[in-house]
A.B. asks: 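Quick one: this structure, given as structure tokens, is what I'll be asking you about.
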Amino acid sequence: MSGSLLPLNALMEPLRGFVAVGRHMSITLAATELCLTQSAVSRQVQALEQRLGVRLLRRGHRSLAFTTEGERLFRSADLALRQLQEAVASVAPAPSARPVTVSASIGVTSLWLLPQLGRFQQSHPAIDLRVAASNRLLDLREENVDLAIRYCASATAPTGARRLFEEQIAPVARPMRGQHRLRNATDLDGQVLLEYEDSHRPWLQWRHWLKARGWQVRPKAILRFNQYDQIVHSAMAGQGIALGRLPLLKHWLKERHLRMLDTPRPPQGTDHAYWLLQSHEAPRDSVNSVMTWLMGEAESG
């Protein structure tokens with residue numbers, strides 16, 4: 001060997017190139033492994049040979065072979081690089097586990113699911129959770145969704161779906177002095193009503209609720225929204241009275257951002273409920289943990 005060796009960091013790249021060539025006995029395959037050009041790998045090997053002052057490879061027509069020195073260096077360098085890779089792998093963090101994906105409508109996500117995620121993280125710190133909020137009905141397996149919360153009538157609930165909670169509807173508003181009861185129709189006169197524009201769910205509209213009680217009212221105004229969570233945020237801002245879907249609002253009622261108004265009748269039920277679906281009959285352990293947690297949160301409400 002001529003001269004002194006370069007520092008290790010200067011030898012690492014040429015050694016990696018040489019070892020890759022030695023493992024495949026092909027510059028082409030070594031270049032593919034290292035994501036380099038063939039000429040770049042050839043230059044690495046030549047630079048190592050020049051620095052060491054010995055030939056490491058015999059180059060023939062479409063063939064490569066080790067020299068005696070090359071074979072000795074390959075065995076030691078290949079072993080050293082493998083040990084180095086194993087040492088790094090032993091202290092590097094384990095690759096992240098596949099997250100558990102939960103799908104729900106925008107309203108269910110923002111009103112019911114998100115306020116409870118802090119408790120989930122505290123009780124299951126090792127599970128990565130991905131929330132997919134969409135009003136589009138997703139194909140769970142096609143879109144890699146593990147669990148979904150769906151709102152539908154009991155008669156149309158998918159096979160295997162688990163009931164989370166039933167629908168209950170009652171007027172809600174921001175807690176304000178002097179506004180805590182609706183004993184008769186005149187209590188709504190002069191009030192702003194927050195209306196959900198959804199022709200497919202008339203039971204969520206004031207017209208349906210008032211008709212069931214035989215009330216005729218003269219509201220100050222009606223504000224209309226096409227997303228249910230917008231209605232709730234408007235009510236919390238003190239902008240009017242909404243028909244609250246009580247199971248979805250348990251956090252906001254508990255924290256006194258909203259108040260259920262006292263009426264002559266108990267909260268109104270419907271034939272609809274919220275259901276939990278799973279994409280596979282035998283889900284992995286992390287999915288089972290999330291499913292158990294969701295069921296527990298629903299029961300605690």
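As the structure is a prediction and not an experimental result, all values here were calculated from the model.
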A.B. asks: Would you say the ring centers of Phe66 and Phe74 fall short of 6.0 Å from each other?
C.D. replies: yes
A.B. asks: Do NZ/NE/NH1/NH2 and the carboxylate oxygens of Glu143 and Arg130 come within less than 4.0 Å?
C.D. replies: no
A.B. asks: What do you reckon, is CZ of Arg218 surrounded by more than 12 foreign heavy atoms closer than 6.0 Å?
C.D. replies: no
A.B. asks: Go through it in stages, so that I can follow the logic: the residues are Phe18 and Leu57, the test is side-chain contact (heavy atoms from CB on, under 4.5 Å), and I'd like the CA-CA distance, side-chain angles, deciding distance and then a yes or no.
C.D. replies: CA-CA 9 Å; Phe18 169 69; Leu57 295 171; 4.3 Å; yes
A.B. asks: Can you see which heavy atom on Val100 is nearest to which on Arg284, and at what distance?
C.D. replies: CA-NH2, 3.9 Å
A.B. asks: Under a 4.0 Å N-O cut-off, is there an ion pair linking Asp146 with Arg141?
C.D. replies: no
A.B. asks: Do Ile222 and Val192 have side-chain heavy atoms sitting under 4.5 Å apart?
C.D. replies: no
A.B. asks: Report yes or no: do Gln216 and Lys211 form a side-chain donor-acceptor pair below 3.5 Å?
C.D. replies: no
A.B. asks: Checking Thr156 side chain against Cys152 main chain: does a donor-acceptor pair fall under 3.5 Å?
C.D. replies: no
A.B. asks: What distance separates Leu111 CG from Ile231 CD1, expressed to the nearest 0.5 Å?
C.D. replies: 10.0 Å
A.B. asks: Evaluate the side chain to side chain donor-acceptor pair (under 3.5 Å) criterion for residues Arg119 and Gln122: first the C-alpha distance (whole Å), next the side-chain angles of each, then the deciding distance (0.1 Å), finally the verdict.
C.D. replies: CA-CA 5 Å; Arg119 287 196 297 276; Gln122 290 177 355; over 6 Å; no
A.B. asks: Would you tell me whether Glu33 and His24 have side-chain atoms, one donor and one acceptor, within less than 3.5 Å of each other?
C.D. replies: yes
A.B. asks: Quickly, which of Asp198, Val232, Asn135 forms a side chain to side chain contact (heavy atoms under 4.5 Å, CB included) with Gln227? Name it, please.
C.D. replies: Asn135
A.B. asks: Hey, are the side chains of Arg162 and Trp275 touching, using non-hydrogen atoms and a 4.5 Å cut-off?
C.D. replies: no
A.B. asks: Check the pair Leu29, Val21 against side-chain contact (heavy atoms from CB on, under 4.5 Å), reporting the backbone distance first and the verdict last.
C.D. replies: CA-CA 8 Å; Leu29 295 179; Val21 171; over 6 Å; no
A.B. asks: Evaluate Ile127 against Phe120 for side-chain contact (heavy atoms from CB on, under 4.5 Å), listing each step before the verdict.
C.D. replies: CA-CA 9 Å; Ile127 297 179; Phe120 174 80; 3.9 Å; yes
A.B. asks: Going by the rule salt bridge (Lys or Arg N to Asp or Glu O under 4.0 Å), which residues pair with Glu166 if we only count those two or more places apart in sequence or in a different chain?
C.D. replies: Arg163
A.B. asks: Treating Ser279 as the side-chain partner and Val145 as the backbone partner, does any N or O pair qualify as donor plus acceptor under 3.5 Å?
C.D. replies: yes
A.B. asks: Could you state the interatomic distance from CG (Leu164) to CZ (Arg150), rounded to the nearest 0.5 Å?
C.D. replies: 12.5 Å
A.B. asks: Is the side chain of Gln239 donor-acceptor paired with the backbone N or O of Leu193 at a distance under 3.5 Å, no angle test?
C.D. replies: no
A.B. asks: Do the charged groups of Glu13 and Arg16 touch, with an N to O distance under 4.0 Å?
C.D. replies: yes
A.B. asks: Begin from the C-alpha positions of Ser300 and Lys250 and carry the test side-chain contact (heavy atoms from CB on, under 4.5 Å) through to its verdict.
C.D. replies: CA-CA 10 Å; Ser300 68; Lys250 72 170 189 175; 3.1 Å; yes
A.B. asks: Taking all heavy atoms of Ala235 and all of Ala242, pick out the closest pair and write down the distance.
C.D. replies: CB-CB, 4.1 Å
A.B. asks: Going by heavy atoms in the side chains, are Arg201 and His208 under 4.5 Å from each other?
C.D. replies: no
A.B. asks: I'd like to know if Arg245 pairs up with Glu167 as an ion pair, taking the criterion as any Lys NZ or Arg NE/NH1/NH2 lying under 4.0 Å from an Asp or Glu carboxylate oxygen.
C.D. replies: yes
A.B. asks: Heavy-atom distance under 4.5 Å between the side chains of Leu188 and Ile241, does that happen here?
C.D. replies: yes
A.B. asks: So does Arg75 pair up with Glu71, basic N to acidic O under 4.0 Å?
C.D. replies: yes
A.B. asks: Closest heavy-atom contact between Glu69 and Val54?
C.D. replies: CB-CG2, 4.3 Å
A.B. asks: If you take all heavy atoms of Arg59 and Gln46, which pair is closest and at what distance?
C.D. replies: NH2-CG, 4.3 Å
A.B. asks: For the CD1 atom of Ile149 and the CG atom of Leu294, what is their distance to the nearest 0.5 Å?
C.D. replies: 5.5 Å
A.B. asks: For the backbone of Gln230 and the side chain of Ser234, can you confirm whether one donor and one acceptor N or O come within less than 3.5 Å of each other?
C.D. replies: no
A.B. asks: Looking at Arg181 and Asp187, is there a salt bridge between them, counting it only when a charged N and a carboxylate O are closer than 4.0 Å?
C.D. replies: no
A.B. asks: In Å, rounded to the nearest 0.5 Å, how long is the span from CD of Gln205 to CZ of Arg224?
C.D. replies: 8.5 Å
A.B. asks: Taking the side chain as C-beta and beyond, is there a heavy-atom pair between Leu246 and Ile169 under 4.5 Å?
C.D. replies: no
A.B. asks: Would you say the side-chain atoms of Glu195 pair up with the backbone N or O of Trp206, donor to acceptor, closer than 3.5 Å?
C.D. replies: yes
A.B. asks: In this structure, would Tyr151 and Ile106 fall into the same cluster of hydrophobic residues linked by side-chain contacts under 4.5 Å?
C.D. replies: no
A.B. asks: Should Met295 and Leu276 count as side-chain neighbours, where that means a heavy-atom distance under 4.5 Å?
C.D. replies: yes
A.B. asks: State the OG-CG distance between Ser103 and Asn144, to the nearest 0.5 angstrom.
C.D. replies: 12.5 Å
A.B. asks: Any chain of hydrophobic side-chain contacts (each under 4.5 Å) joining Leu84 to Leu79?
C.D. replies: no
A.B. asks: Determine whether the aromatic ring centres of Trp203 and Trp209 lie less than 6.0 Å apart.
C.D. replies: no
A.B. asks: Would Trp112 and Phe165 satisfy ring pair (Phe, Tyr, Trp, His ring centres under 6.0 Å), going step by step from the backbone distance to the final call?
C.D. replies: CA-CA 12 Å; Trp112 187 79; Phe165 38 73; 5.3 Å; yes
A.B. asks: Among the clusters formed by ILVMFWY side chains lying less than 4.5 Å apart, do Met25 and Ile27 turn up in the same one?
C.D. replies: yes
A.B. asks: Could you tell me which non-hydrogen atom of Leu204 sits nearest to which non-hydrogen atom of Leu243, and how far apart they are?
C.D. replies: O-CD1, 3.7 Å
A.B. asks: First locate atom CG of Leu56, then atom CG of Leu64, and finally report the distance between them rounded to the nearest 0.5 Å.
C.D. replies: 11.5 Å
A.B. asks: Would you call Gln168 and Pro247 a side-chain contact if the rule is heavy atoms closer than 4.5 Å?
C.D. replies: yes
A.B. asks: Given side chains that start at C-beta, do those of Trp252 and Leu249 come closer than 4.5 Å, heavy atoms only?
C.D. replies: yes
A.B. asks: So which heavy atom on Pro283 is nearest to which on Asn288, and how close?
C.D. replies: CG-OD1, 3.3 Å
